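Remarks on the structure that follows.
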Amino acid sequence: YERCTYIYYNKQNTPLMMQLDYILLSKKLFSKYSATAQVLGFDGKKRINYPSNIKEKRQYPSDHYPILANFQLLTQ
C-alpha cells in the first residue's frame with residue numbers, strides 16, 4: 001500500500017495496486033547518502049486513501065502518484 005504509485009482498475013472495477021515508479025541509485029551514491037522516499041497524494045501530503053473506482057481516478061492530474069525523496073550526505 002505505501003509503495004503503490006499506480007492503480008489499475010480491471011473490467012470489474014477492482015483496483016490492482018502496483019509499484020511502477022522507482023528511484024535508482026548507483027552503489028557508489030548509495031554508500032554516500034542516506035535516502036528515504038514516500039509516495040504522496042496530489043496535494044503534497046501523505047496519501048491516506050485511493051480513488052475507489054476508475055471514475056474517481058480520472059479526476060486526478062495523473063495516473064501515477066508523486067514520489068518525494070530525501071537524500072542526506074553521510075559524514076565520514
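Keep in mind that this is a model prediction, so the values were computed, not measured.
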So which atom in [X] and which in [Y] form the shortest heavy-atom distance, rounded to 0.1 Å?
X	Y	answer
Thr5	Leu20	OG1-N, 3.1 Å
Met17	Cys4	CB-SG, 3.5 Å
Ala37	Ile67	CB-CG2, 4.2 Å
Arg47	Val39	NH1-CG1, 2.9 Å
Asn53	Tyr9	CA-CE2, 3.7 Å
Gly41	Tyr65	CA-CD2, 4.4 Å

### Message
Quick check on Phe42: does its CZ atom have over 12 non-hydrogen neighbours (other residues, nucleotides or ligands) under 6.0 Å away?
### Response
yes
### Task
With Lys27 as the cation and Tyr33 as the aromatic partner, state whether NZ or CZ is under 6.0 Å from the six-membered ring centre and within 45° of the axis.
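Verdict for Tyr33: no cation-pi partner in Lys27.
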### Query
Should Tyr22 and Leu68 be regarded as members of a common hydrophobic cluster, given that ILVMFWY residues are connected when their side-chain heavy atoms come within less than 4.5 Å of each other, either directly or indirectly?
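As far as the 4.5 Å side-chain criterion goes, Leu68 and Tyr22 are not connected within one cluster.
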At what distance, to the nearest 0.5 angstrom, does [atom1] of [X] lie from [atom2] of [Y]?
X	Y	atom1	atom2	value
Lys55	Asn13	NZ	CG	11.0 Å
Leu25	Lys32	CG	NZ	12.5 Å
His64	Met18	NE2	CE	10.0 Å
Asn70	Gln38	CG	CD	7.5 Å

### Message
Show, in sequence, the C-alpha distance, side-chain angles and deciding distance for Leu16 and Ile7, and conclude whether the side-chain contact (heavy atoms from CB on, under 4.5 Å) test is met.
### Response
CA-CA 6 Å; Leu16 303 170; Ile7 303 171; over 6 Å; no
### Query
Below 4.5 Å, heavy atoms only, C-beta onward: do Lys57 and Asp63 meet side chain to side chain?
yes
#### Entry: pair Pro51-Tyr60: side-chain heavy atoms closer than 4.5 Å
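Yes - at least one pair of side-chain heavy atoms lies under 4.5 Å apart.
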